Amino acid sequence: MGLGTGQGLHYETAERLSAALASRTICSVELVESLLGRARTIDGKLRAFIALDGADALRQAVESDRRRERGAALGPLDGVAVSIKDNMSVRRWPMSCGSRMLDGYVSPYDCHVVERLRAAGAIIFGRTNMDEFAMGSSTENSAFFGTANPWDLGRVPGGSSGGSACAVAAGLAPLALGTDTGGSVRQPAAFCAAVGLKPTYGRVSRYGVTAFASSLDQVGPMGRSVWDVAALLGAIAGLDRRDSTSSPLAVPDYTVALGRERRWKIAVPREVFSDGLDGDVRDGLRRAVDFFAGAGCEILDVSMPAMDISIGAYYITATAEAFSNLSRFDGIRYGHRSKVAGTVGEVYAKSRGEGFGAEVKRRIMLGAFVLSGGYHEAYYGRAQRARVHISNGFGEIFRNCDFIATPTAPTVPFPVGAKTQDPLAMYLSDIYTVSVNLVGLPAISVCCGFSPQGLPMGLQLIAKPFHEEELLAAAAFFERNHDFCRRHPKIDQ
Ligand code: GLN
C-alpha cells in the first residue's frame, strides 16, 4: 500500500516514514505540515501538547530536506518528528515540567537526548503534557490541563508521560520521548496502545532532564511499533560524561536484531494475579503468555514475594529524592518568586506554596518526613534495604529465565477524576512497574489486547540489565503475530 493512502501521513510508523524520506517519496516539510494539520484538527480535544511551535518545526524540516537534497542525511531519523516531554531542556524553548513553578523559564541549552536527536536529524516537535514534575499516573496533576485518552476521551492517558503517549497513539507524532521513574513511559504506553521502553539505568544520559528521583529516572522512547522504539533508543543511548551514571557500554543498532526468534524462557510471577488485577487485563496477560508458550517458549511459574513491598520502597525512595531535588525551586535559585513575600523565609515559603501543586507538595512533605532525624532509619534506611531485597529477588528469578512477564498496569485506562481524591489508589497503578526502576532493569510495554469496551492493555516484559536487544526482539516477535499495533483510535469522527 502506498504511503498515507487516503488518510494522510499521521499513522505511518517512523520506519515507513524513514524509508519514504530516504527514497524521496515524501519530504520532511510535507510530513511536518501534515502533523501540524492533524494537531490543529484534533489536539483541541486531546491536549497532548503544552506547546507546539509550528514555525520552529518547519524550519528544522526545511534543513532536513536540504540535507537530503545534498545526499547528506544524518541517519534513519533525519526528518522524522519526535515530541518531547516537557521536563527535558530544549535550547530556547520554555520548559514547564507541567508546573506553574517554572512559569517564564526558558532553557539555555539542549539536554543530552535532544542533542543526540539533533545530531540524528530528527525534528524536535512540541512539548508534551505531563503530571507536574512527573509525579502521577494519569497526567491529571499537570498544572495546566488534563490530556485525554485517544481511545476514550473520558478516560486518562496514563502518566506521567501522558502527553507523549497520547501524541503517539493519536497520530500527532510518530515518536516521542518520556521519562520513567516508576513507570511513566510504560504505563501511559499501555493505556494508549503504544510501545514504551524504559532502558537500563545508565543506558541513556539524564543530563538536562529535570530530576525527580535521580536513582530511578530514565528517559525512554515511545512509538507505534517496536522498530520505531528500537530506532529511537539507538539515537538517544550511549555514554555521556556529564551524567556520572551513564554507561560506557557500546550501543548496538537495536533495529538489527528485531527479527531474532528464540525459545525464550519467560517467568510469570504468580503474585501478579492478585485481587487488584482487573479481569480483562488478567485474560490479556494469559493470552499473551499462551502465545509465547505456543511458539515454543518455556513458561516458568515463579514467586516474587517482594512485589508487595515495592510500592512502599518506591514511594519512600522517590519522595526522599524528590524532596532533595526540588529544593532548588525556591524563588531565588530557580522558579516562581512570590510577589507578596517580604523576608527571605517568606520568599521561600510563599514561592513554593504558590508554585507547586498539591501532589508535589504531598511528595515533598513525605520526603522530608522519611528523611527526618529519628525516622530516617525506620523509613528511608529500610526502603534502601528493601531495594536490595527486591534486587536479589529479581537476580534469583533471572538465574533461570530471559524475561519476566507481567501486565504493565493492573487496569485498563480509568475515567478522568476516578482516582484524583485517593492518592493511594493512584499509587497502586504502578504496582508492576516500580520495582523495575528500583533495580535499574530494562522493561518494555507492548499492547496485548483490548477490553470488550475497546480499551487497551499492555504486556510488560522485563529483562536483565543491558539486554534491550533481546527485549526488543521478543516484543517485535509478539507484535508481528498480532494486529494490535495496526489498530487506531477513532478520534476523527
Ligand atoms: N506514577 C509514578 C509516580 O507518581 C511514576 C512516575 C514516573 O515514572 N515519573 O511517582
Side-chain angles (χ1 to χ4, degrees), residues 84-88 97-99 128-142 146-147 156-165 176-192 196-199 201 204 206 209-222 276 310-323 325-326 356-367 370 383 408-411 413-414 418-420 422-445 458 460 462:
I84 308 290
K85 185 178 182 178
D86 203 20
N87 58 352
M88 304 185 204
C97 296
S99 182
T128 58
N129 198 20
M130 56 183 284
D131 284 302
E132 186 172 6
F133 285 101
M135 297 173 185
S137 309
S138 66
T139 312
E140 292 166 291
N141 293 338
S142 164
T147 294
V156 302
S160 62
S161 314
S164 290
L177 290 182
T179 55
D180 192 313
T181 302
S184 284
V185 163
R186 291 160 286 157
Q187 184 256 19
F191 274 19
C192 294
L197 174 93
K198 183 242 167 237
Y201 187 75
V204 178
R206 294 173 291 114
V209 179
T210 310
F212 164 9
S214 312
S215 76
L216 307 167
D217 299 340
Q218 271 293 285
V219 175
M222 303 168 98
S310 61
I311 286 273
Y314 168 79
Y315 276 94
I316 291 173
T317 307
T319 54
E321 293 186 23
F323 164 71
N325 277 324
L326 269 55
F356 287 136
E359 181 62 23
V360 175
K361 287 180 191 162
R362 178 162 31 242
R363 306 265 183 131
I364 290 174
M365 287 190 286
L366 199 54
V370 300
T408 307
T411 65
F414 44 86
K419 302 194 180 187
T420 38
D422 185 354
L424 284 180
M426 188 74 90
Y427 297 171
L428 281 172
S429 20
D430 306 322
I431 178 104
Y432 304 125
T433 47
V434 292
S435 52
V436 167
N437 301 71
L438 286 168
V439 182
L441 302 172
I444 195 166
S445 177
Q460 173 175 243
I462 308 167

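As the structure lists them, so they are numbered: ligands from 1, and atoms in each ligand from 1. In this text, all values refer to a predicted model and were calculated from it rather than measured experimentally. Below, all heavy atoms of this structure are taken into account, side chains as well, without hydrogens, waters or symmetry copies.
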S.K.: Report yes or no: does E132 contribute a side-chain atom to a donor-acceptor pair with the main-chain N or O of G357 at less than 3.5 Å?
M.R.: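 It does hold such a pair.
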S.K.: Do ligand 1 and F212 have nitrogen or oxygen atoms that lie under 3.5 Å from each other?
M.R.: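 Min N/O separation from ligand 1 is not below 3.5 Å for F212.
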S.K.: Within the side chain of R186, is there an N or O that forms a donor-acceptor pair under 3.5 Å with the backbone of T433?
M.R.: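 Side chain of R186 to backbone of T433: a pair is present.
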S.K.: As an exercise, identify every atom of ligand 1 less than 4.0 angstrom from a heavy atom of A134.
M.R.: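 Numbered from 1, ligand 1 contributes 6 (C), 7 (C), 9 (N).
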S.K.: Please determine if K85 has a nitrogen or oxygen closer than 3.5 Å to a nitrogen or oxygen of ligand 1.
M.R.: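 Between K85 and ligand 1 (N or O atoms, distance only) the closest approach is not under 3.5 Å.
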S.K.: Indicate yes or no: does an N/O atom of M135 lie under 3.5 Å from an N/O atom of ligand 1?
M.R.: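 The answer is no, given that M135 and ligand 1 share no N or O pair closer than 3.5 Å.
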S.K.: With side chains defined as the heavy atoms from C-beta onward, is the minimum distance between L216 and L438 less than 4.5 Å?
M.R.: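 Yes. Closest side-chain heavy atoms under 4.5 Å.
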S.K.: Report yes if G136 has an N/O atom closer than 3.5 Å to an N/O atom of ligand 1; otherwise report no.
M.R.: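 Checking ligand 1 against G136, an N or O pair does fall under 3.5 Å apart.
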S.K.: Could you tell me whether some N/O pair between T181 and ligand 1 is separated by less than 3.5 angstrom?
M.R.: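 T181 vs ligand 1: N/O contact under 3.5 Å present.
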S.K.: Scan T139, N129, T128, D131 and name whichever one has a side-chain hydrogen bond (donor to acceptor under 3.5 Å, both in side chains) with T147.
M.R.: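 With T147 as partner, T139, N129, T128, D131 yield a single side-chain hydrogen bond (donor to acceptor under 3.5 Å, both in side chains), made by N129.
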S.K.: Under a 3.5 Å cutoff, is there a donor and acceptor pairing between the side chains of S445 and T408?
M.R.: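 Yes, T408 and S445 have a side-chain donor paired with an acceptor closer than 3.5 Å.
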S.K.: Who's the nearest protein heavy-atom neighbour of atom 10 (O) of ligand 1, and how far?
M.R.: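 Here the closest protein heavy atom is Y314 OH, 2.7 Å.
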S.K.: Go through Y427 and K419 one step at a time and tell me if the side-chain contact (heavy atoms from CB on, under 4.5 Å) criterion holds.
M.R.: CA-CA 9 Å; Y427 297 171; K419 302 194 180 187; over 6 Å; no
S.K.: Compute the shortest N/O to N/O distance between R363 and ligand 1 and return yes if it is under 3.5 Å, no if not.
M.R.: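 Such a contact does occur with ligand 1.
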S.K.: Considering only the protein, which heavy-atom contact is closest to atom 3 (C) of ligand 1, and what is its distance?
M.R.: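 Protein heavy atom with the smallest distance to atom 3 (C) of ligand 1: Y315 OH, 3.3 Å.
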S.K.: Between E321 and S214, do the side chains contain an N or O donor and an N or O acceptor separated by less than 3.5 Å?
M.R.: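 Side-chain D/A pair, E321 to S214: absent.
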S.K.: Run the numbers for me: atoms of ligand 1, each under 4.0 Å from some heavy atom of G182, listed by number.
M.R.: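 Near G182, meaning under 4.0 Å from one of its heavy atoms, ligand 1 has 5 (C), 7 (C), 8 (O).
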S.K.: How far is atom 6 (C) of ligand 1 from its nearest protein heavy atom, and which residue and atom is that?
M.R.: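 Answer, as residue, atom name and distance: S184 OG, 2.8 Å.
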S.K.: Test of understanding: given a 4.0 Å heavy-atom threshold, classify the contact between S160 and ligand 1 as side chain, backbone, both, or neither.
M.R.: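 The answer is the side chain of S160.
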S.K.: Please check if any side-chain donor atom of K85 sits under 3.5 Å from a side-chain acceptor atom of S164, or the reverse.
M.R.: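 Not at all, the side chains of K85 and S164 share no donor-acceptor pair under 3.5 Å.
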S.K.: Starting from atom 2 (C) of ligand 1, find the nearest protein heavy-atom neighbour and note its residue, name and distance.
M.R.: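 Atom 2 (C) of ligand 1 sits closest to the protein heavy atom D430 OD2, 3.2 Å.
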S.K.: Hey, do the aromatic rings of F356 and F133 have their centres closer than 6.0 Å?
M.R.: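 Distance test on ring centres: under 6.0 Å, yes.
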